[in-house]
Structure formats: C-alpha cells, structure tokens
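Structure first, then comments.
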Amino acid sequence: VDSLKNGQCDFIASFYDDDLMNPQFLCHKLFSAKLYLVTAPNHLGRPKYSLEDASVPLMNYTDDSYMGKKVNKFLQEHHSDKFETNFVSSMSLLLKDMIKGGYGVGWLPDYSIQEELEKNQLMIVPLKDSVLSVDIYLYRSSARLNSASESLWNFMKAIDWTIA
C-alpha cells in the first residue's frame, strides 16, 4: 500500500483497504472469498473442538492483519468469551497447519481448504453468522499510467475472476 501511495509501483493486489478507497486511487474487485471456522477431526471423525466445550483454543491472525481485523470484529460482536487465543500468525497457511495438527480452531479462506474439507482433514464448525467475507481488489493510482500499464489495467478489468 505504501509503495502504491508513494508512486513506487503501478498496481497492487490487496484485500479491501479503506485508505485506498478515495478519488486518488482506482480499484477493481478481483474476487471475494469466505473465511470458515474450521477444526481438525478427532479419532472418531467428529470435530475435535466444539463450541460446547468450556473453552475453545483459537489459532488467530495477527491483530493488524486484514483477516485478523475481520475475525476480531466478529469475536467482539459474538462469542468472544468462548475462544482462547493460543497461537497467532499473519499467514493462513501456518494457521491451517496448526489447525490440521489439532491445536485449535480458526478461520481459513475457502480457496485454501477445499481439498482438506473433501478429505475430512478439516471440518467446518457450525456457528451462526461465522462465515466471514473477504474481498480482494486490484488498486492503482487514478493518474494516467503509461500505455502498457493502462492496457494491463483494462485487461485485468475484463477478466472473469470467479473462482470455481
């Protein structure tokens, strides 16, 4: 974001950013994803952790990350007393490894857990309103770019970014 603001790059692909939603920048939504609360299965093939447990260990994102802000907002509005943060990372891949290892529950993006859900390595924890939406945008300065960059911008806007 700083590189784009300082004119050091023409484009960035990033999660939604309030600072870039102003007339100085243009944006194009590339796709949306969903964050699901997941757990590993126990030896019987059932969820290892349940919201009926007295305390649920949470593998969470860092507070300053986009996904961390989304998860923490949800927790503040719902069920924050149920979860005990035991591990923090800005990397969803590391959180996924910890959750698959049975260390707790956490929110992971749908595009990164499809295979694990199919193989029953992860299970979605049923919790009302816990599916969180995240949006990914392509941002650029609103100032005219060179012709190659303008062509790339137009090309990117024309692509159907729907994830199958």
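With rounding to the nearest 0.5 Å, the separation of NZ in K100 from CD in Q121 is 4.5 Å. Note that OH of Y66 and NZ of K70 are 4.5 Å apart. Values are rounded to the nearest 0.5 Å. Atom CG of N86 and atom CE of M59 lie 5.0 Å apart (nearest 0.5 Å). Rounded to the nearest 0.5 Å, atoms CG (L117) and CG (L108) are 9.0 Å apart. Here CG of L132 is found 15.0 Å from NZ of K69. Values are rounded to the nearest 0.5 Å. We find the CZ-CG distance between F83 and D53 to be 10.5 Å, quoted to the nearest 0.5 Å.
The side-chain heavy atoms of L51 and V105, taken from C-beta on, include no pair separated by under 4.5 Å. Taking 4.5 Å as the limit, every side-chain heavy atom of D19 sits out of range of all side-chain heavy atoms of F25. Two residues are said to be in side-chain contact when any heavy atoms from C-beta on lie closer than 4.5 Å; S130 and F74 meet this criterion.
In the hydrophobic cluster analysis, where Ile, Leu, Val, Met, Phe, Trp and Tyr join through side-chain heavy atoms closer than 4.5 angstrom, L138 is grouped together with F155. V88 and Y61 are not part of a single hydrophobic cluster, where members link through side-chain heavy atoms under 4.5 Å apart. Under a hydrophobic clustering in which Ile, Leu, Val, Met, Phe, Trp and Tyr are joined whenever their side-chain heavy atoms come within less than 4.5 Å, directly or via other members, L26 and I159 fall into the same cluster.
The two residues S92 and P109 come nearest to each other via the heavy atoms CB-CD, 4.1 Å. Taking all atoms of both residues into account, the shortest heavy-atom contact from L94 to S89 is CD2-OG, 3.5 Å. Residues K82 and A54 approach most closely at CD-O, 4.3 Å, considering heavy atoms. Closest of all the heavy-atom pairs between V125 and V38 is CG2-C, 3.9 Å. The two residues G45 and M123 make their nearest non-hydrogen contact at O-CE, 3.4 Å. Residue A13 comes nearest to L30 through the heavy atom pair CB-CD1, 4.3 Å, listed as atom of the first residue, atom of the second, then distance.
Partners of S151 by side chain to side chain contact (heavy atoms under 4.5 Å, CB included), not counting sequence neighbours: none found. The side chain to side chain contact (heavy atoms under 4.5 Å, CB included) test applied to S3 returns Q8, C9, not counting sequence neighbours. Remark: K96 engages E116 in a salt bridge (charged side-chain N to carboxylate O under 4.0 Å, His left out) (not counting sequence neighbours). In this structure S133 satisfies the side chain to side chain contact (heavy atoms under 4.5 Å, CB included) test together with K34, D135, sequence neighbours excluded. Every residue meeting the side chain to side chain contact (heavy atoms under 4.5 Å, CB included) condition with L145, not counting sequence neighbours, appears here in chain and number order: D10, F11, R140, S149, E150.
Of the possible donor and acceptor atoms, none in the side chain of Y137 sits under 3.5 Å from a partner among the backbone N and O of D17. Of the possible donor and acceptor atoms, none in the side chain of W107 sits under 3.5 Å from a partner among the backbone N and O of M67. Remark: the backbone N or O of I113 is not paired with any side-chain donor or acceptor of Y36 at under 3.5 angstrom.
When only modelled atom types and interatomic distance are considered, D18 and Y16 share a side-chain donor-acceptor pair under 3.5 Å.
Screening residues 38-49 for side-chain hydrogen bond (donor to acceptor under 3.5 Å, both in side chains), with sequence neighbours left out, gives no hits.
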